[in-house]
There are 4 protein chains.
Amino acid sequence: MNTKSPTEPKFRRRAEARPDEVLDAALSLFTEKGYARTTVDQVAKRAGFSKGTVYLYFASKEAILEGLVQRTVEPIAEAAFETMTDYRGDPRPVLAQFLRAMAQALADSKTRAVVMIILQEAPAAPNISALFRKAVLGRALPAVTALLAQGVAGGHIRAIDPELTARSVLGPVIGHLLLSEIFRIRPEGGLQMDRLVENHLTLLFAGLEPDTGGAP
Amino acid sequence: MNTKSPTEPKFRRRAEARPDEVLDAALSLFTEKGYARTTVDQVAKRAGFSKGTVYLYFASKEAILEGLVQRTVEPIAEAAFETMTDYRGDPRPVLAQFLRAMAQALADSKTRAVVMIILQEAPAAPNISALFRKAVLGRALPAVTALLAQGVAGGHIRAIDPELTARSVLGPVIGHLLLSEIFRIRPEGGLQMDRLVENHLTLLFAGLEPDTGGAP
Amino acid sequence: MNTKSPTEPKFRRRAEARPDEVLDAALSLFTEKGYARTTVDQVAKRAGFSKGTVYLYFASKEAILEGLVQRTVEPIAEAAFETMTDYRGDPRPVLAQFLRAMAQALADSKTRAVVMIILQEAPAAPNISALFRKAVLGRALPAVTALLAQGVAGGHIRAIDPELTARSVLGPVIGHLLLSEIFRIRPEGGLQMDRLVENHLTLLFAGLEPDTGGAP
Amino acid sequence: MNTKSPTEPKFRRRAEARPDEVLDAALSLFTEKGYARTTVDQVAKRAGFSKGTVYLYFASKEAILEGLVQRTVEPIAEAAFETMTDYRGDPRPVLAQFLRAMAQALADSKTRAVVMIILQEAPAAPNISALFRKAVLGRALPAVTALLAQGVAGGHIRAIDPELTARSVLGPVIGHLLLSEIFRIRPEGGLQMDRLVENHLTLLFAGLEPDTGGAP
DNA sequence: CATGAATGAGCTTTCATTCAT
DNA sequence: GATGAATGAAAGCTCATTCAT
């Protein structure tokens, strides 16, 4: 027999979980209605406490958004960029590893939701976009570009433009995400980000194959 | 007895031009500050008349947004899908034509801006995203998918998954757009959407080349 | 029969009187309950329109306070300081004129109320106190001090400290005001600021009389 | 079984000191930022304990203000009015004694600060001003008035209006205080309330000298 | 006793929308 | 048709007060 009251206690003390509860509630609301149309009061209610409590943990509504981004972005960034530095040789195995890491990160629906919010709010919230640019894009794009450049230089891959080709590497993943999250257009059976990545890798790897000279 | 001033005003905008002027003003403001942070008054001022006049032509702020999307989306859709229906043969020339048409459409900064606004406001205004889905995506994706499927069936291209490969076809363009518009990450010298497309086509076409299993 | 509705029109247009109506309402409320405990909504209601209308004419609650001070302070300042510059001779007639001007200004209950509000809000609202200091005190005190100093130098009055004596000149008026407005302590029959000034002048003039040397 | 820690805490403030610590903290904050802009939390923090503890000793924020006034006002009142009752003769020595006592009381910066707070909060907290009126003004003014009246009656001083002259006696001290505390206008070298009083007494005593209409 | 997490009423301010002129 | 003054329902945020621990 449980000595605990059957109803939740009105006050839970010293809850270090609070900030995360706020972020979770905010995330679901921001996803549903967008940041601008979500009120702090709604966030509080969904998290299960009152407006004032939110402000105990976050200085402003915008700070909630930043907290959300920070919580999500760092892990993504960590996971993805370790293998790429100073690699020499055929870039393809590294690209495969990188894209699969992205697919895995984006398998988490919270991560996906935060990425979408970043894309949506970045133009109006400069520090959000700066944060994401610094932690993710500013590292991923140069890394892929450099990887491709040395692959071209070493004759491992076709002589494409490395900077533009970086978009061909990453773009399909982003596009797939957008179609799914914004327009609800996704393959039967769900997102299937890993299948997307594998199909994309097949195409990409064949595309990158150095020209052996003898095509009709 | 003519109570009217004998001199006609030198410039009198025709009333029919009004809605477009409102939409232009709204577009530039929505791009600068986002939909939510733009006031109807600002739109009116920038368009050169007063708040009340805006409401003469648009029933609500959201109607302006819808008008904006409608005005832009229709032409895009028209331009892009004519060649693709019931085509038989190697899909690559058609894909090239299609992607170049997209590049051209997106060369117009107004078009780009509207697309970005759709991405940003989609969760808040579902009818906006529905409009875009119906007019553009719901036609482009099936068309590309069908095109690829018959190419695979006819042995013109490698045996990839047509539905997923459609993302590999379109994704890089979307990704390039996002990087440029949201994060201001773009090649030196500007967007260069056509260079992106040409580089992408090179890669894509090589990637789609059927595996001949051993060259000539 | 009057075609006009017997009830006041809901919308009175282009009312240039609005700012003054707001200031009058604000003044009475600030006097009753203090600035901090008065809400903008109360000001609006008392002025006879809605909250939003107040913000059509004043950018913020604090701007109302500043408007109030500005409206009152300038006239006071103008009225009082003309005669005092570069005067040579017995200061007493000039002091009499000056104090009577003050008494007259403070005979207006709005002026009194604003002065009280300045005294009350100045410590917390630095620009208020700066405004009053610059327009009134920064001119009145040096003027009186200089007037007394030359009176002492010319042997017209007793050898007192001019700077401190300026407080003896002005203090009774201020004190009388405070007692009346804050503590409701006033002579039977009302404020009687002019009687106060006349009594004060009698005392002050006798006090300033140069010592003729022959006292017991 | 002693559950208490065996080592006594080195410094344990006696609980009786708490209210005074709260009042001191409140006084400094109210002086800095005004009553309305000071939060109970700030008071608690500055006093060195937590918000809840403040409410152990004071029922409300306003009760702190009242406590502050009460603590200060009583001693002033006691100090000042002993000599004045039923005095017969030339009022001037008594006035000197009284004003010097006031100067001494106001030499204490805490006392000055409380007086200023009373002036500022009076309209919002009528019981505050009532307290001060009852304890100080309601006694001081009649006392001074009566003293002057019997001085006039006895021919010791000029035939002025006793009630209004009471303002001439006290006003300079009040004015000096206001100039210094509200507008930071004070003589070089600080407040110098005693110099102000001495200068004022010189002037006042000469002013009160009965008109002998022709020297000895 | 002491704490500080939690509350929610209430504040200032904004702005989409209306409508008399 | 145009205008812009007026509205008032929110929104973000603060803070006096309470009370479980």
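Taking both residues in full, the closest heavy atoms of C/Ala124 and C/Pro126 are given as O-CD, 3.3 Å, listed atom of the first, atom of the second, then distance. Residues B/Glu66 and B/Asn127 approach most closely at OE2-ND2, 2.7 Å, considering heavy atoms. Counting all heavy atoms, side chain and backbone alike, D/Arg37 lies closest to D/Gln42 at O-OE1, 3.8 Å. Annotation for C/Ala36 and C/Lys61: closest pair O-NZ, 3.6 Å, computed over non-hydrogen atoms. Here the closest heavy-atom approach between residue B/Glu21 and residue B/Phe49 is recorded as OE1-CE2, 3.8 Å. The two residues B/Val114 and B/Leu68 make their nearest non-hydrogen contact at CG1-O, 4.1 Å.
Within residues 35-43 of chain A, the residues that have a heavy atom under 4.0 Å from DNA chain F are, in order of number, A/Thr38, A/Thr39, A/Val40. Taking a 4.0 Å limit (strictly below) on heavy-atom distances, residues 22-33 of chain B does not reach DNA chain F anywhere. Shown for residues 58-66 of chain D: residues whose heavy atoms fall under 4.0 angstrom of DNA chain F, namely D/Ser60, D/Lys61. Residues of residues 117-130 of chain C that place a heavy atom closer than 4.0 Å to DNA chain E do not occur.
Between the OH atom of A/Tyr55 and the C1' atom of F/dC15 there is a distance of 14 Å, given to the nearest Å. Note: CZ (B/Phe49) to C1' (F/dT3) measures 12 Å, nearest angstrom.
In DNA chain F, consecutive stretches of 3 or more Watson-Crick or G-U wobble pairs with both distances under 3.5 Å are given as paired ranges: E:2-21 with F:2-21.
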Are C/Tyr55 and C/Val40 close enough, and set up right, to give a side-chain contact (heavy atoms from CB on, under 4.5 Å), and what steps lead you there?
-> CA-CA 9 Å; C/Tyr55 281 93; C/Val40 174; 3.5 Å; yes
Step-by-step side-chain contact (heavy atoms from CB on, under 4.5 Å) determination, D/Val73 to D/Val115 = CA-CA 9 Å; D/Val73 137; D/Val115 171; over 6 Å; no
Between B/Leu131 and B/Ile118, is a side-chain contact (heavy atoms from CB on, under 4.5 Å) present by the stated rule, with each step listed?
-> CA-CA 10 Å; B/Leu131 213 160; B/Ile118 292 169; over 6 Å; no
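The nearest heavy atom of DNA chain E to A/Lys45 and to C/Leu56 marks one nucleotide each, and the one closer to the 5' end goes with A/Lys45. Along DNA chain F, the nucleotide closest to A/Thr53 and the one closest to B/Gly52 are compared, and the more 5′ of them pairs with B/Gly52.
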Could you pull out every donor-acceptor pair under 3.5 Å between side chains of residues 22-30 of chain C and any protein atom, sequence neighbours left out?
unit_1  : atom_1 : unit_2   : atom_2 : d
C/Asp24 : OD1    : C/Arg71  : NH1    : 3.2
C/Asp24 : OD1    : C/Arg71  : NH2    : 2.9
C/Asp24 : OD1    : C/Lys110 : NZ     : 3.0
C/Ser28 : OG     : C/Ala25  : O      : 3.0
C/Ser28 : OG     : C/Arg46  : NH1    : 2.9

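Judged as a salt bridge (Lys or Arg N to Asp or Glu O under 4.0 Å), and not counting sequence neighbours, D/Arg133 has no contacts. For C/Glu121, the side chain to side chain contact (heavy atoms under 4.5 Å, CB included) test picks out C/Tyr35, C/Leu65, C/Ile117, with sequence neighbours left out. Residues passing the side chain to side chain contact (heavy atoms under 4.5 Å, CB included) test with B/Ile182, sequence neighbours excluded: A/Leu119, A/Ala122, A/Pro123, B/Met116, B/Leu178. Shown here are the salt bridge (Lys or Arg N to Asp or Glu O under 4.0 Å) partners of C/Lys33, two or more places apart in sequence or in another chain: there are none. Legend: residues meeting side chain to side chain contact (heavy atoms under 4.5 Å, CB included) with B/Ala63, ordered by chain and number and at least two apart, are B/Phe58, B/Ser60. Under the rule for a side chain to side chain contact (heavy atoms under 4.5 Å, CB included), the partners of C/Ser50 that lie at least two apart in sequence or sit in another chain are C/Thr53.
For a distance-only test at 3.5 Å, the side chain of D/Lys51 qualifies as a donor-acceptor partner of the base of F/dT17.
Distance from the side chain of D/Ser50 is smallest to E/dT3 among F/dA5, F/dT14, E/dT3.
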